[in-house]
Amino acid sequence: MIQERSILKVADNSGARLVRCFRVLGGSRKRYAHIGDLIIASVQTAEPRKAIKKKDVVTALVVRTRKPLRRSDGTQLRFDDNAVVLLDEKREPRSTRVFGPIPREIKEYGFETVATLAEEIM
């Protein structure tokens, strides 16, 4: 579960390292973001000489959470960290690579391009 003021890792090569969530998209009363949800975040740390700078406001897709994801067959999928992938205005990834495992539900939620860039789909 990701809420406002949560610090998240960035799982792509866009240049940002850590972001802080300050809005969960999807309604005025939506408090928590889960895998496949969109958030608005501020870049806290960034790599030098990249397109993304510190204090930039970005849209991000949640791709990993420590909160278990329950699948319809009864299995649960839990990750070691909370991670996001940065998106542009067209909801396409801003990067060319996605690091770490990505759940296959991301493709079902309509983000096929993020799933194609991933190293591993679980």
Side-chain angles (χ1 to χ4, degrees):
M1 290 190 308
I2 309 302
Q3 61 185 356
E4 293 181 7
R5 298 188 57 92
S6 295
I7 301 287
L8 304 118
K9 288 184 182 179
V10 178
D12 60 23
N13 65 346
S14 60
R17 292 281 177 100
L18 294 175
V19 295
R20 181 188 304 254
C21 172
F22 66 86
R23 178 64 60 206
V24 177
L25 296 180
S28 61
R29 294 193 177 142
K30 186 158 183 167
R31 286 186 190 198
Y32 306 111
H34 303 283
I35 291 175
D37 289 341
L38 294 175
I39 63 170
I40 304 295
S42 172
V43 177
Q44 298 295 301
T45 60
E47 295 176 12
R49 297 173 296 280
K50 292 279 188 158
I52 307 289
K53 305 289 184 225
K54 186 176 177 183
K55 298 182 184 176
D56 284 353
V57 176
V58 294
T59 303
L61 170 70
V62 178
V63 293
R64 291 195 294 266
T65 59
R66 291 182 58 91
K67 173 85 173 163
L69 170 71
R70 185 174 172 86
R71 291 186 168 161
S72 58
D73 62 354
T75 61
Q76 291 188 345
L77 185 62
R78 183 175 62 212
F79 295 99
D80 292 337
D81 61 349
N82 298 319
V84 296
V85 171
L86 302 187
L87 304 177
D88 61 6
E89 295 81 26
K90 299 180 207 170
R91 296 195 174 171
E92 299 291 324
R94 294 178 97 169
S95 61
T96 57
R97 292 179 64 196
V98 176
F99 304 116
I102 302 295
R104 67 173 177 259
E105 283 80 7
I106 293 295
K107 190 181 285 189
E108 296 169 8
Y109 296 142
F111 296 99
E112 291 88 7
T113 54
V114 174
T116 57
L117 297 176
E119 294 175 346
E120 180 181 0
I121 297 178
M122 298 186 82

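Bear in mind that the values here come from a model prediction, so they are computed numbers and not experimental data. As a basis for the values below, the full set of heavy atoms in this structure was taken, side chains included, without hydrogen atoms, waters or symmetry mates. Counting begins at 1 with the first residue of the sequence.
In terms of heavy-atom proximity, Phe22 sits nearest to Ala41 at CE2-C, 3.6 Å. Scanning both residues, Thr113 and Pro93, for their nearest heavy atoms gives OG1-CD, 3.3 Å. In terms of heavy atoms, Ile121 sits closest to Ala115 at CD1-O, 3.5 Å. Cys21 approaches Ile2 most closely through the heavy-atom pair CB-CG2, 4.2 Å. Between Leu86 and Ala60, the shortest heavy-atom contact is CD2-CB, 4.0 Å. Contact detail for Met1 and Thr65: the closest heavy-atom pair is N-CB, 4.4 Å.
Under the 4.5 Å side-chain heavy-atom criterion for Ile, Leu, Val, Met, Phe, Trp and Tyr, Val84 and Ile35 are members of distinct hydrophobic clusters. Under a hydrophobic-cluster definition in which Ile, Leu, Val, Met, Phe, Trp and Tyr are linked whenever side-chain heavy atoms come within less than 4.5 Å, directly or via other members, Leu87 and Leu8 are assigned to different clusters. Hydrophobic clustering of Ile, Leu, Val, Met, Phe, Trp and Tyr side chains at less than 4.5 Å, counting indirect connections, unites Ile52 with Val19. Under the 4.5 Å side-chain heavy-atom criterion for ILVMFWY residues, no single connected hydrophobic cluster contains both Val43 and Val57. Val24 and Leu18 fall into different hydrophobic clusters, defined by Ile, Leu, Val, Met, Phe, Trp and Tyr side-chain heavy atoms under 4.5 Å apart, directly or through other members.
One finds the CD1 atom of Ile7 at 12.5 Å from the NZ atom of Lys9 (value rounded to the nearest 0.5 Å). Going from atom OH of Tyr32 over to atom CD1 of Ile39 covers 15.0 Å, rounded to the nearest 0.5 Å. In this structure, OG1 on Thr59 lies 7.5 Å from CZ on Arg91, to the nearest 0.5 angstrom. To the nearest 0.5 angstrom, Arg20 atom CZ is 11.0 Å from Thr45 atom OG1.
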- Task: Could you walk me through whether Leu117 and Asp12 pass the side chain to side chain contact (heavy atoms under 4.5 Å, CB included) test, one step at a time?
- Result: CA-CA 9 Å; Leu117 297 176; Asp12 60 23; over 6 Å; no
- Message: Show, in sequence, the C-alpha distance, side-chain angles and deciding distance for Tyr109 and Leu38, and conclude whether the side chain to side chain contact (heavy atoms under 4.5 Å, CB included) test is met.
- Response: CA-CA 11 Å; Tyr109 296 142; Leu38 294 175; over 6 Å; no
- Start with the C-alpha distance between Lys50 and Arg17, add both sets of side-chain angles, then the distance that settles side chain to side chain contact (heavy atoms under 4.5 Å, CB included), and finish with yes or no. CA-CA 11 Å; Lys50 292 279 188 158; Arg17 292 281 177 100; over 6 Å; no
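By the 6.0 Å contact criterion, NZ on Lys67 is open, its count of non-hydrogen atoms from other residues, nucleotides or ligands being 12 or less. More than 12 heavy atoms of other residues, nucleotides or ligands lie within 6.0 Å of NZ in Lys53, so this atom counts as buried by the packing criterion. The neighbour count for Arg97 CZ, taken as heavy atoms of other residues, nucleotides or ligands under 6.0 Å away, does not exceed 12.
For Asp88 (side chain) and Lys90 (main-chain N/O), a donor-acceptor pair under 3.5 Å exists by modelled atom type. Under the 3.5 Å distance criterion, the side-chain polar atoms of Asp37 are left unmatched by any main-chain donor or acceptor of Leu25. Panel note: side chain Arg78, backbone Arg66; no donor-acceptor pair is recorded below 3.5 Å.
When the options Met122, Glu105, Arg64, Gln76 are evaluated for a side-chain contact (heavy atoms from CB on, under 4.5 Å) with Leu69, the one that passes is Glu105.
Taking the side chain as every heavy atom from C-beta outward, Gln44 and Ser42 approach each other to under 4.5 Å.
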